[in-house]
Colleague: 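This is the structure I have questions about; it appears just below.
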Amino acid sequence: MEERNGAGNGSEEKLSKSEEQAAIDRMPFQNYRIADTEILKTIEGRTCCESCRKSRKYFCYTCCTPVIDRRYFPRVKLPIKIDIIKHPNEVDGKSTAIHAAILAPDDVTIYRYPEFPKTLNKEETILIFPSKDASSIEALFAESVKEGDTSVERDLQAEFPVKRAIFIDSTWQQTKQIYRDKRFRGIRCVILKSRISQFWRHQKKSPRWYLATIEAIHQFLVELHSCVFGRVEGYATDLGSAVSNGERDSVANDERANGCTEVDRRYNGQYDNLLYFFKYMYYEIHTMYNHDDLLAYKRPLT
């Protein structure tokens, strides 16, 4: 971030960040590869869930199943399994965890606490939680082993170092209560990079980098994938501005023209469709309310 007028005082820097974020907030998803959500607007009325018989619009957040045809939304394949543990007092209809279960049904399972995944290989599982000893995702790839008197870096770039990740879906106070469960003992904790949330629901005394569950899952997968395969230059998922889809396609075309026939596995939006319903609902909310009037967006950026 450039300092204004070269002065570099704190108030000017905060103003600059605020203005930059305001510009991003006007079109927060323009640099993501998310399927067109306009088709959802063609759905009229509500549908009865076949399992619980309750009336729902797009999906049943109680049964974690869609009530609309699959042609209305994309399917996402994830590189590892995701378990989401919901606090029993968390209101189902307000949670974005359901988005992951609908869009990636083969790889996402939701549990209502005290329910818990029955079998866990703790060596291959991580918990996304900012404990005092939590490490970054990059640290999972920087493990070292001793071979005699020599310390060498393990070659983890060929595969994902974990097979399963657990997220806790609840308010911050409820999350800490679940984290104390003894079944989490022995599971490594990982903390995500800071990212500004676009979630429209306000949580008291929380900064804007407290993410909605679906945002956290997306952020985690982007970081994990990028650590293994890298990412297309310019792709960003935080306060920075990403290159446009056209520019990313141009990069790929240039590489093919230069003889790069190997499939490019760098991150280039492969999991962006996890934000499909989130994006749609964001704009629906913003047709009813002014962005600047919503308390969620008045939270501090740092």
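Only this structure's heavy atoms are used, side chains among them; waters, hydrogens and symmetry mates stay out. Note that the numbering runs from 1 along the sequence shown for the chain.
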Colleague: Assess the residue pair Glu90 and Ser95 against the criterion (side chain to side chain donor-acceptor pair (under 3.5 Å)); give the C-alpha distance rounded to whole Å, side-chain angles, the decisive distance to 0.1 Å, and a yes or no.
Modeller: CA-CA 7 Å; Glu90 183 73 8; Ser95 172; 4.9 Å; no

Colleague: When the aromatic ring centroids of Tyr271 and His218 are compared, is their separation below 6.0 Å?
Modeller: no

Colleague: Taking Arg46 for the side chain and Ser55 for the main chain, is one N or O donor matched with an acceptor at less than 3.5 Å?
Modeller: yes

Colleague: Between Leu140 and Val162, is any pair of side-chain heavy atoms under 4.5 Å apart?
Modeller: yes

Colleague: Distance from Leu274 atom CG to Glu215 atom CD, nearest 0.5 Å?
Modeller: 12.0 Å

Colleague: Heavy atoms, side chains only, cut-off 4.5 Å: are Val76 and Gln270 in contact?
Modeller: no

Colleague: Quick check for you: to the nearest 0.5 Å, what is the distance between Phe73 atom CZ and Tyr280 atom OH?
Modeller: 14.5 Å

Colleague: So Phe129 and Phe184, side chain to side chain contact (heavy atoms under 4.5 Å, CB included) or not? Walk me through it.
Modeller: CA-CA 11 Å; Phe129 184 82; Phe184 281 122; over 6 Å; no

Colleague: Does atom NZ of Lys163 have more than 12 heavy-atom neighbours, drawn from other residues, nucleotides or ligands, at distances under 6.0 Å?
Modeller: yes

Colleague: Do Tyr111 and Asp169 have side-chain N/O donor and acceptor atoms under 3.5 Å apart?
Modeller: no

Colleague: Taking 4.0 angstrom as the limit, do Glu138 and Lys193 come out as a salt bridge?
Modeller: yes

Colleague: Does Asn273 form a side chain to side chain contact (heavy atoms under 4.5 Å, CB included) with Arg33? I'd like the steps, not just the answer.
Modeller: CA-CA 7 Å; Asn273 269 328; Arg33 291 197 160 184; over 6 Å; no

Colleague: Does atom CD of Glu284 have more than 12 heavy-atom neighbours from other groups under 6.0 Å away?
Modeller: yes

Colleague: Yes or no on side chain to side chain donor-acceptor pair (under 3.5 Å) for Arg231 and Ser226, after CA distance, side-chain angles and deciding distance?
Modeller: CA-CA 5 Å; Arg231 67 173 69 186; Ser226 298; 3.3 Å; yes

Colleague: Does any donor atom in the side chain of Tyr58 or Tyr72 lie under 3.5 Å from an acceptor atom in the other side chain?
Modeller: no

Colleague: Among the clusters formed by ILVMFWY side chains lying less than 4.5 Å apart, do Leu103 and Ile39 turn up in the same one?
Modeller: yes

Colleague: When you measure from the side chain of His225 to the backbone of Arg265, do you find a donor-acceptor pair of N or O atoms at a distance under 3.5 Å?
Modeller: yes

Colleague: May I ask you to decide if Pro161's main-chain N or O and Glu124's side chain share a donor-acceptor pair within less than 3.5 Å?
Modeller: no

Colleague: Please evaluate residues Ile137 and Phe220 with respect to the criterion side chain to side chain contact (heavy atoms under 4.5 Å, CB included), reporting the C-alpha separation (whole Å), side-chain torsions for both, the decisive distance (0.1 Å), and the verdict.
Modeller: CA-CA 8 Å; Ile137 291 177; Phe220 164 70; 3.5 Å; yes

Colleague: For the CD1 atom of Ile168 and the CD1 atom of Ile178, what is their distance to the nearest 0.5 Å?
Modeller: 5.5 Å

Colleague: Run the salt bridge (Lys or Arg N to Asp or Glu O under 4.0 Å) check on Lys41 and Glu38 step by step: do they pass?
Modeller: CA-CA 6 Å; Lys41 295 182 178 180; Glu38 288 297 304; 3.4 Å; yes

Colleague: Are Leu127 and Ile191 grouped together when hydrophobic residues (ILVMFWY) are joined by side-chain heavy atoms under 4.5 angstrom apart?
Modeller: no

Colleague: Using a 4.5 Å cut-off on heavy atoms from C-beta on, say whether the side chain of Ile43 contacts that of Ile68.
Modeller: yes

Colleague: Between the main-chain N or O of Tyr113 and the side-chain N or O of Lys86, is there a donor-acceptor pair closer than 3.5 Å?
Modeller: no

Colleague: Could you check whether any side-chain heavy atom of Arg164 comes within less than 4.5 Å of a side-chain heavy atom of Leu120, counting everything from C-beta outward?
Modeller: yes

Colleague: Report the distance from atom NZ of Lys176 to atom OG of Ser170, rounding to the nearest 0.5 Å.
Modeller: 11.0 Å

Colleague: Could you give the distance from SG (Cys49) to OH (Tyr61), rounded to the nearest 0.5 Å?
Modeller: 10.5 Å

Colleague: Which residue pairs pass the salt bridge (Lys or Arg N to Asp or Glu O under 4.0 Å) test when at least one of the two sits in residues 101-110, sequence neighbours left out?
Modeller: Arg75-Asp106, Lys77-Asp107, Lys81-Asp107

Colleague: Taking Tyr289 as the starting point, is it possible to reach Met281 by hopping between hydrophobic residues whose side chains are less than 4.5 Å apart?
Modeller: yes

Colleague: Given 3.5 Å as the limit, does a donor-acceptor pair link the side chain of Arg188 with the main chain of Glu123, or not?
Modeller: yes

Colleague: So do Cys64 and Phe59 actually touch side chain to side chain, heavy atoms under 4.5 Å?
Modeller: no

Colleague: Would you say the ring centroid of Tyr276 lies under 6.0 angstrom from that of His99?
Modeller: no

Colleague: Phe199 versus Ile285: any side-chain heavy-atom pair under 4.5 Å?
Modeller: no

Colleague: Return the OG1 to CZ distance between Thr96 and Phe277, rounded to the nearest 0.5 Å.
Modeller: 12.5 Å

Colleague: Report yes if some heavy atom in the side chain of Ile85 is under 4.5 Å from a heavy atom in the side chain of Glu115; otherwise report no.
Modeller: no

Colleague: Determine, stepwise, if the pair Glu223 / Leu192 fulfils side chain to side chain contact (heavy atoms under 4.5 Å, CB included).
Modeller: CA-CA 8 Å; Glu223 289 187 42; Leu192 303 177; 3.8 Å; yes

Colleague: Does the separation of the ring centres of Tyr282 and Phe29 fall below 6.0 angstrom?
Modeller: yes

Colleague: Indicate yes or no for a side-chain donor-acceptor contact from Arg112 to the backbone of Pro88 under 3.5 Å, with no hydrogens or angles considered.
Modeller: yes

Colleague: From the options Ile82, Asp83, Ile84, select the one residue that forms a side-chain contact (heavy atoms from CB on, under 4.5 Å) with Ile110.
Modeller: Ile84

